[in-house]
Undergrad: 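One structure coming up, written as structure tokens, with questions to follow.
In what follows, every chain begins at residue 1, and chains take the letters A, B, ... in the order their sequences are listed.
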2 protein chains.
Amino acid sequence: MVSTEKNATPSAKAAAKPRGRPLAFNQDEALDAALNVFWSHGYEGTSMAELTEALGINKPSIYTAFGNKEELFRRALGRYVTGPAAFVAAVKKQTTARQVVESFLLQAVDFFTNKDTPNGCLIVQAALTCGQSSSAIQQELMAYRKHVEAGFAERFDQAKADGDLPQQADAKKLAKYIATIHQGMSVQASTGATREELLGVAEMALKSWPTNF
Amino acid sequence: MVSTEKNATPSAKAAAKPRGRPLAFNQDEALDAALNVFWSHGYEGTSMAELTEALGINKPSIYTAFGNKEELFRRALGRYVTGPAAFVAAVKKQTTARQVVESFLLQAVDFFTNKDTPNGCLIVQAALTCGQSSSAIQQELMAYRKHVEAGFAERFDQAKADGDLPQQADAKKLAKYIATIHQGMSVQASTGATREELLGVAEMALKSWPTNF
DNA sequence: TAATATTTGTACCGATTGGTAAATAAATAA
DNA sequence: TTATTTATTTACCAATCGGTACAAATATTA
């Protein structure tokens with residue numbers, strides 16, 4: 001079920017009036033539905049038949065709107081990164097490295113065990129589903145992971161400059177460490193770990209965090 | 001290519017002489033080949049076509065020998081657990097909890113990055129590949145993980161009794177912690193992490209291990 | 001109204017999925 | 001040899017995969 005919605009607001013930059021038959025669904029709602037399916041079953045584990053049912057849209061409409069399955073996944077992934085998983089990029093704004101990683105892991109626990117969304121991380125879930133086709137998707141996901149990890153490493157280098165991490169700290173190593181914890185918690189969550197159990201894991205992982213004091 | 005091999009040794013308990021046409025392949029070698037494919041691509045990511053090519057055996061022979069794809073996976077999984085992954089159960093024989101977990105993580109690093117085998121852990125790899133069919137396989141893998149984790153928890157309880165873990169230590173929590181590290185390292189390994197990087201992760205993870213001294 | 005543009009539903013495409021029927025080949029038992 | 005048993009080969013099965021041709025439906029423009 002996708003609600004029909006007309007853009008009834010005549011804004012300043014007038015939206016060009018569409019010529020033909022109007023879309024019977026909302027693109028963003030459809031993408032969110034697709035995201036949920038991919039998030040649950042991975043890329044190759046999701047069939048077009050599942051998608052048509054979840055989106056409430058027939059296949060040809062999906063193809064005219066999004067291109068193909070791979071493009072649909074990319075669009076859904078974009079929604080994921082800027083939506084529910086936006087906290088991953090946002091935590092770097094915390095004032096100290098310690099606060100960054102603590103905020104990251106604790107938010108990840110809540111995120112992974114949120115009752116309203118599939119358990120675990122879409123990117124970890126989809127990255128491991130690899131039938132040697134879809135290698136393009138796989139490499140893209142790997143690149144994204146590397147990007148996130150590099151972002152944390154940069155943040156930790158900044159922390160060393162700020163003086164809230166010891167000079168001898170290895171930023172890349174620390175980044176890979178918390179990425180590994182994150183991915184491990186994702187696997188645990190997608191196979192049934194509870195919020196309390198993951199909080200215990202995060203707490204233990206934080207104990208080994210280097211300090212200047 | 002699978003070598004033909006007759007059981008030429010007339011042992012005490014005489015092996016019943018087979019009646020019909022002899023098998024043209026060695027079952028254990030075939031299982032090892034199947035294990036390698038499943039290990040690389042997961043359960044659903046592996047097709048029977050890939051298996052026939054990797055084993056060098058036609059499909060009907062695979063089906064008469066092993067039943068079906070699911071049974072073949074189970075058999076391969078058995079070989080995995082008692083073969084290359086046997087160290088997981090064996091490390092519990094170490095004399096202290098600290099030695100158990102240290103030995104476990106360091107061996108896991110070498111195991112995950114062994115050049116002669118696929119990267120990462122078959123069980124993590126296959127557990128996340130889930131197209132809602134094969135839920136039987138998925139639950140079996142989850143049960144196995146739980147079993148391993150429970151085994152570590154038991155070992156840590158023993159360590160508390162032995163006095164090499166503090167009395168206030170939470171055995172289940174510690175077990176889930178190292179299981180999470182293990183799974184995270186597996187994801188990292190299957191997406192390209194090097195031995196040195198994983199050693200860094202393991203080293204950091206060990207820093208938070210509780211001590212009595 | 002008629003003409004045009006776009007989306008929809010139905011029905012289908014070739015390729016691949018896991019799995020098998022049936023004939024043939026290779027062994028032992030009589 | 002002949003009968004029996006088992007394994008192999010070839011060729012095929014229905015179901016599903018991602019993707020699409022085509023015509024009916026619904027909108028704007030003229």
Undergrad: Could you please spell out the steps behind the ring pair (Phe, Tyr, Trp, His ring centres under 6.0 Å) verdict for A/W39 and A/F111?
TA: CA-CA 13 Å; A/W39 198 345; A/F111 177 64; 5.5 Å; yes
Undergrad: Specify the separation, in whole Å, of atom CD1 of B/I137 and atom C1' of C/dG18.
TA: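 Rounded to the whole Å, the gap is 14 Å.
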Undergrad: Look through every strand shown and name the nucleotide pairing with C/dA30 as Watson-Crick or G-U wobble, where both distances are under 3.5 Å.
TA: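 Base partner found: D/dT1.
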Undergrad: Check the phosphate of C/dT8 against A/N58, side-chain N and O only, distance under 4.0 Å to OP1 or OP2. Yes or no?
TA: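 A/N58 to C/dT8 OP1/OP2: no side-chain N or O under 4.0 Å.
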Undergrad: Go through C/dG9, C/dA5, D/dA7 for me and flag the one nearest to the A/R19 side chain.
TA: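 For the A/R19 side chain, the nearest candidate turns out to be C/dA5.
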Undergrad: Using distance alone, with no hydrogens and no angle criterion, decide if B/E50 and B/T46 have a side-chain donor and acceptor under 3.5 Å apart.
TA: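 On atom types as modelled, these side chains do not qualify, holding no pair under 3.5 Å.
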Undergrad: To the nearest Å, how far apart are B/L23 CG and D/dT9 P?
TA: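 It works out to 12 Å between those atoms.
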Undergrad: With DNA chain C as reference, determine whether B/S47 or B/G20 sits nearer its 5' end, using the nearest nucleotide of each.
TA: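 Result of the comparison: B/S47.
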Undergrad: Roughly how many Å is it from NE2 in A/H41 to P in D/dC17, rounded to a whole number?
TA: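 In whole Å, D/dC17 P lies 12 Å from A/H41 NE2.
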Undergrad: Are the aromatic rings of A/F38 and A/Y80 close, with centres under 6.0 Å apart?
TA: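 Centroid distance A/F38-A/Y80: not below 6.0 Å, so no.
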Undergrad: When the distance from CZ of A/R21 to C1' of D/dT28 is rounded to whole Å, what number comes out?
TA: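 In whole Å, D/dT28 C1' lies 14 Å from A/R21 CZ.
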Undergrad: Is there a donor-acceptor contact under 3.5 Å linking the side chains of B/Q188 and A/Q183?
TA: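 Side-chain D/A pair, B/Q188 to A/Q183: present.
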Undergrad: Expected output is a numbered-order residue list: members of residues 59-75 of chain B with a heavy atom under 4.0 Å from any atom of DNA chain C. What is it?
TA: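 Those residues whose heavy atoms fall under 4.0 Å from DNA chain C, taken from residues 59-75 of chain B in numerical order, are B/K59, B/P60, B/Y63, B/N68, B/K69.
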Undergrad: Pair up each side-chain donor or acceptor in residues 53-64 of chain B with any protein partner under 3.5 Å, not counting sequence neighbours, and list the distances.
TA:
| unit_1 | atom_1 | unit_2 | atom_2 | d |
| --- | --- | --- | --- | --- |
| B/T64 | OG1 | B/P60 | O | 3.2 |
| B/T64 | OG1 | B/S61 | O | 3.0 |

Undergrad: Once you round it to whole Å, what is the distance between C1' of C/dG18 and CD of B/E44?
TA: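 Distance check: B/E44 CD to C/dG18 C1' gives 12 Å.
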Undergrad: In whole Å, I'd like the distance from the CG atom of A/L51 to the C1' atom of D/dC17.
TA: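 For the pair A/L51 CG and D/dC17 C1', the rounded distance is 12 Å.
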Undergrad: Please confirm whether A/W209 and A/F104 have ring centers closer than 6.0 angstrom.
TA: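 No; A/F104 has its ring centre 6.0 Å or more from that of A/W209.
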Undergrad: Can a side-chain donor-acceptor contact be found between A/Q107 and A/S103 if the only test is distance below 3.5 angstrom?
TA: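 Note: A/S103 and A/Q107 side chains meet the donor-acceptor criterion.
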Undergrad: What is the distance, to the nearest angstrom, from the CZ atom on B/F25 to the P atom on C/dA25?
TA: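 After rounding, the gap between these two atoms is 20 Å.
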